[in-house]
Number of protein chains: 2
Amino acid sequence: MRTEGRAKRLPRAVRERQIMDAAIDVFSRLGFHSASMDEISEVAGISKPMLYAYLGSKEELFATCIRREATRMMEAIATGVEPDQEPDVQLWSGLRAFFGFVGENRASWMVLHRQASTQGGPFAIELTDMRGRAVSLVAALLTQSTKAPATKLEAESLAAALVGAGESLADWWLDHPEEPAGVVAARLMNLVWMGFGDLVDGNVWHPPSRR
Amino acid sequence: MRTEGRAKRLPRAVRERQIMDAAIDVFSRLGFHSASMDEISEVAGISKPMLYAYLGSKEELFATCIRREATRMMEAIATGVEPDQEPDVQLWSGLRAFFGFVGENRASWMVLHRQASTQGGPFAIELTDMRGRAVSLVAALLTQSTKAPATKLEAESLAAALVGAGESLADWWLDHPEEPAGVVAARLMNLVWMGFGDLVDGNVWHPPSRR
DNA sequence: CAGTAGTCTTACTCGCCAGTAGGTACCAGG
DNA sequence: CCTGGTACCTACTGGCGAGTAAGACTACTG
């Protein structure tokens, strides 16, 4: 009975992946509140009770999405950075990895940055956690470069500004996709390492060895 | 705010102000979707039908709030900057004015930055417009300093990064209110004008004449 | 084949909230 | 004292969407 288009019976793990992918798609387009579980289940090609059976409530689903994507992103960045390099090289690798990830996972980035940060509750925790790790990473980089930032607060706020600049530039990039990731990353690198003062004078940062 | 049993009869203009203030308060605490017109009317000390009679629908109310606060903020910044000064001084004044505004209007800032940017529809337009004006302003500053950023795209993306750094640092500041506005502004000024490279070497930017 | 475990569905309930209907107090000017 | 207008209210409707009940289909096991 029924029409031909009946869903096939698939193992739980596969369905969970489909659901998460659909959820990220819908959340990124509509935002947490405007996204409905009906639409997510429809995009996932499954009925709503399955969704609830596998992923729990709407909030749990969202939190799970955030956790998954945040982990993927931090891993992408971590594998791109080698801890023994000079500070500027480390920063450069990190920026490239970051923009690379955003470029290939725009929906994930939107959910992480635009949605998660604005919803209170348990989401902010996941998100703040990831962001905190990123900030600490940068702050460590700064402190390790000695001399400059005296207080912990100062290093942390500078790191927050840098991370924010990256986030914002990534957003800007979403509206100007014609530029390659490397160019955008290099631009931010120049801004935060050289500063406008040097840029105005024509001084540019470039990696120690071109490759 | 209801001391008497019955609300006093007040002219429309006064009520509209009260409603807008209440709306910004509630929107900043709960976000657009979670904020209910019932709560806004309650905070404003008025009944819901009045709210609808004066400010229209929920979306109209929100858009009106954004427009008002965006205008206030851009004016605050514009009056703080003198167009004939050196680029770095202009930037410095702008940053001070910006952080000054945020410090004294935290709720407004939250609505502008965290809420408006995540809701699609007509809000994004208002917001993108203001943000665009800010970015153009900075971009002009950069281009005017000649030599450095060749393409329009480059100047614009750098400006976007700077504006984003400011926004992000303002957010960070909300969680660390113990620092005065001037200190935070100075820190960002150093980051974007000197760059980490100089900061690591202990070179710091400071305004030409203290006052 | 019967039993059981896991997949999957239709068709509801139920609360919340944007928006409204319909009326009441108060104040002009005639 | 009426007449109109503006400020203001209580009490509703109507829809949307989170979450569920109750069962149906499939497949594997003995």
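Computed from a predicted model, the values in this text were never measured in an experiment. Proteins come first, then strands; the chains are lettered A, B, ... in the order of their sequence lines, and each starts at number 1.
- Between the side chains of B:Ser157 and A:His176, no donor-acceptor pair is found at a separation under 3.5 Å.
- Rounding to the nearest 0.5 Å places OG1 of A:Thr64 at 6.0 Å from CE of A:Met20.
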Tabulate protein N/O versus nucleotide N/O from nucleotides 4-6 of chain C, keeping only pairs under 3.5 Å, one per line.
from: C:dG6; atom 1: N2; to: A:Arg9; atom 2: NH1; distance (Å): 3.3
from: C:dG6; atom 1: N2; to: A:Arg9; atom 2: NH2; distance (Å): 2.5

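- Residue A:Ser47 is in base contact, counting any heavy-atom pair closer than 4.0 Å across all strands shown.
- Note: NE2 (B:His33) to P (C:dA18) measures 11 Å, nearest angstrom.
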Identify all pairs in which a protein N or O lies below 3.5 Å from an N or O of nucleotides 19-21 of chain C, and state each distance.
from: C:dG19; atom 1: OP2; to: B:Tyr52; atom 2: OH; distance (Å): 3.3
from: C:dG19; atom 1: OP2; to: B:Lys58; atom 2: N; distance (Å): 3.0
from: C:dG19; atom 1: N7; to: B:Lys48; atom 2: NZ; distance (Å): 2.9
from: C:dG19; atom 1: O6; to: B:Lys48; atom 2: NZ; distance (Å): 2.8

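- At most 12 non-hydrogen atoms from other residues, nucleotides or ligands lie less than 6.0 angstrom from CZ of B:Arg17.
- Between B:Glu179 and B:Val183, the shortest heavy-atom contact is OE1-CG1, 3.9 Å.
- By the ring pair (Phe, Tyr, Trp, His ring centres under 6.0 Å) test, B:Phe32 pairs with B:Phe27, B:Phe62, B:Phe123, sequence neighbours left out.
- A salt bridge links A:Arg131 to A:Glu167: at least one charged side-chain nitrogen sits closer than 4.0 Å to a carboxylate oxygen.
- Annotation: cation-pi geometry not satisfied between A:Arg187 and A:Trp173 (NZ/CZ under 6.0 angstrom from ring centroid, within 45° of ring axis).
- In this structure, the CG atom of B:Leu10 is 14 Å from the C1' atom of C:dA25, given to the nearest Å.
- Between the CG atom of B:Leu51 and the P atom of D:dA7 there is a distance of 15 Å, rounded to whole Å.
- No more than 12 heavy atoms of other residues, nucleotides or ligands shown are found within 6.0 angstrom of CD on A:Glu86.
- Residue B:Arg15 has a polar side-chain atom (N or O) positioned under 4.0 Å from OP1 or OP2 of D:dC8.
- The distance between atom CE of A:Met50 and atom C1' of D:dT20, rounded to the nearest whole Å, is 14 Å.
- Atom-to-atom, CG of A:Leu30 to P of D:dG17 comes out at 10 Å; the value is rounded to the nearest Å.
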